[in-house]
Amino acid sequence: MKLTVVKVGGKIVEDEGTLQQLLKDFSAIEGAKVLVHGGGRSATKVAAQLGIESTMIGGRRVTDAEMLKVVTMVYGGLVNKNIVAKLQACGINALGLTGADMNVMLSHKRPLKKVTMDDSGTEQMVDFGFVGDVDACDGKMLATLIGEGVVPVMAPLTHDKQGNLLNTNADTIAGETAKALAPYFDVTLIYSFEHAGVLTDPEDEASVIPHISAESFMQLKADGTVSGGMIPKIENALEAVKAGVKRVIITKADAIDGNHGTVIY
């Protein structure tokens, strides 16, 4: 049985028009499906309204105790339940989940991590706070839900089974979910974002690279065609393929039908 895991970024879910279109397109995907969402922009906005400063280092959010409260409210509540309600309106029987629900995704608090600083280019050891690195995803439990006609909507929160929620990268949530479901389904993982795919020219949306393999990725990275945040995204995609996911597609949010974008294999 075919299953599609779609990851949608915060920029899409935080705009009413683009979100509505994405959920309509998601609803039209045939077969079983899972939606994974971000919501970082909303978290930053709510934090500011509460007088809580957002700290980003190397493009990653530092999650202290107060920020953890914000991301839990925003990711697990506001964004997640808004998506669930809108999917119900599309005739999709959606269920919002964090990693703690039914113990579907277990993680540990990230240890000190060496990060290249944006301003100076120097490396520094950083404590990201309550950020989780995934240890396990319960694919059997998710497959059971999906088998009953439920569409999981995964928020980017995990837990450590010690009573602590942890903020976790949504791309990672999507990749781990896809890998855990690979033994039960023919899985396609779609990373949707603001561009048409992996581009040879960031200014030209028509310059999509149609296919990337592990070998061609090394060359694209070496010559600088692929750089920055696209590198870990493709690395995650290649890991998913290696773990049994049939294919990974990086594409624009309005093209999640599986026929557009860059295919990672």
Side-chain angles (χ1 to χ4, degrees), residues 5-10 13 34-40 42-44 47 54-81 83 95-115 125-146 152-184 187 189 191 229 232-233 235-240 242-245 248:
V5 177
V6 176
K7 185 266 173 176
V8 56
V13 302
V34 177
L35 187 65
V36 179
H37 66 81
S42 289
T44 299
S54 294
T55 303
M56 306 292 288
I57 298 177
R60 301 181 179 96
R61 183 182 300 277
V62 176
T63 307
D64 61 15
E66 291 304 304
M67 185 56 71
L68 180 64
K69 294 176 185 176
V70 173
V71 298
T72 300
M73 289 188 291
V74 173
Y75 299 163
L78 180 63
V79 175
N80 188 268
K81 299 314 174 189
I83 290 173
L95 172 67
L97 295 172
T98 69
D101 296 300
M102 300 182 301
N103 194 33
V104 295
M105 199 164 294
L106 187 65
S107 66
H108 63 272
K109 185 176 179 294
R110 178 176 295 169
L112 291 176
K113 190 176 182 71
K114 187 180 289 185
V115 176
M125 296 302 290
V126 175
D127 180 359
F128 282 98
F130 295 96
V131 169
D133 290 330
V134 175
D135 294 315
C137 179
D138 190 344
K140 184 177 180 181
M141 180 59 73
L142 288 172
T144 299
L145 287 173
I146 293 164
V153 178
M154 309 282 287
L157 296 164
T158 55
H159 78 128
D160 63 1
K161 218 170 185 181
Q162 304 299 315
N164 303 301
L165 284 168
L166 296 167
N167 184 13
T168 301
N169 180 271
D171 279 0
T172 301
I173 297 278
E176 294 299 327
T177 298
K179 288 190 282 187
L181 287 168
Y184 305 94
V187 179
L189 170 59
Y191 286 112
K233 192 179 288 286
E235 287 174 343
N236 283 341
L238 288 167
E239 285 177 14
K242 190 175 180 180
V245 175
V248 182

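Remember, it's a predicted structure, so these values are computed and weren't measured experimentally. Throughout, residue positions are numbered sequentially from 1 according to the sequence presented.
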Query - Flag, side chain of Asp101 to backbone of Thr98, donor-acceptor distance under 3.5 Å - result: yes
Report task. Can you see which heavy atom on Phe128 is nearest to which on Ile57, and at what distance? Result -> CE2-O, 3.8 Å
Query raised in the report: For Val126 and Lys114, what are the C-alpha separation, side-chain angles and deciding distance, and is it a side-chain contact (heavy atoms from CB on, under 4.5 Å)?
Result: CA-CA 6 Å; Val126 175; Lys114 187 180 289 185; over 6 Å; no
Report summary line: Thr177 meets the side-chain hydrogen bond (donor to acceptor under 3.5 Å, both in side chains) criterion, sequence neighbours left out, with none
Query raised in the report: Which value, rounded to the nearest 0.5 Å, describes the distance between Asn236 atom CG and Lys179 atom NZ?
Result: 7.5 Å
Report task. Answer whether the closest heavy-atom distance between the side chains of Val34 and Ile146 falls below 4.5 Å. Result -> yes
Report summary line: Tightest non-hydrogen contact, residues Val71 and Ala43, listed as CG1-CB, 4.1 Å
Query raised in the report: How about Lys81: does its NZ atom have over 12 heavy atoms from other parts shown lying under 6.0 Å from it?
Result: yes
Query raised in the report: Backbone N or O of Gly132 within a donor-acceptor pair of the Thr168 side chain at under 3.5 Å?
Result: yes
Report task. Dump the intermediate steps for side-chain contact (heavy atoms from CB on, under 4.5 Å) on Val62 and Met67, then the final yes or no. Result -> CA-CA 8 Å; Val62 176; Met67 185 56 71; over 6 Å; no
Requested in this report: Could you tell me the separation between the CD1 atom of Ile173 and the OH atom of Tyr75, rounded to the nearest 0.5 Å?
Outcome: 11.0 Å
Report summary line: Sorted by chain and number, sequence neighbours left out, side-chain hydrogen bond (donor to acceptor under 3.5 Å, both in side chains) with Asp127 holds for none
Requested in this report: Step by step, work out the side-chain contact (heavy atoms from CB on, under 4.5 Å) result for Leu142 and Leu97.
Outcome: CA-CA 10 Å; Leu142 288 172; Leu97 295 172; 3.9 Å; yes
Query raised in the report: Are Asp160 and Lys109 within salt-bridge range, i.e. N to O under 4.0 Å?
Result: no
Query raised in the report: Partners of Glu66 by side-chain hydrogen bond (donor to acceptor under 3.5 Å, both in side chains), sequence neighbours excluded?
Result: Lys69
Query - Within-4.5 Å side-chain heavy-atom neighbours: Leu95 and Val153 - result: no
Query raised in the report: Leu68 and Thr72: which non-hydrogen atoms are nearest, and at how many Å?
Result: O-OG1, 2.7 Å
Report task. Give a yes-or-no answer on whether the side chains of His37 and Asn80 include a donor-acceptor pair shorter than 3.5 Å. Result -> yes
**Report entry** Gap between atom NZ of Lys113 and atom CG of Asp133 - 0.5 Å precision
**Finding:** 6.5 Å
Report summary line: Between Ser54 and Ala47, the two heavy atoms sitting closest are OG-CB, 4.0 Å
Query raised in the report: Is the side chain of His159 donor-acceptor paired with the backbone N or O of Leu166 at a distance under 3.5 Å, no angle test?
Result: no
Requested in this report: Begin with the C-alpha distance, continue with both residues' side-chain angles, and end with the deciding distance and a verdict on side-chain contact (heavy atoms from CB on, under 4.5 Å) for Val36 and Val5.
Outcome: CA-CA 7 Å; Val36 179; Val5 177; 4.1 Å; yes
Query raised in the report: With a distance cut-off below 6.0 Å to the six-membered ring centre and an angular limit of 45° from the axis, does Lys233 pair with Tyr191 as a cation-pi contact?
Result: yes
Query raised in the report: In Å, rounded to the nearest 0.5 Å, how long is the span from CD of Glu176 to CG of Leu106?
Result: 11.5 Å
Query raised in the report: Are Met105 and Met154 side-chain neighbours, meaning at least one heavy-atom pair lies under 4.5 Å?
Result: yes
Report task. Answer yes or no: is there a donor N or O on one side and an acceptor on the other, between the side chain of Arg61 and the main chain of Gly40, under 3.5 Å? Result -> yes
Report summary line: In short, Gly175 meets Leu189 closest at the heavy-atom pair CA-CD2, 4.0 Å
Report summary line: Note: Gly38 and Pro156 closest approach over all heavy atoms is CA-CG, 4.3 Å
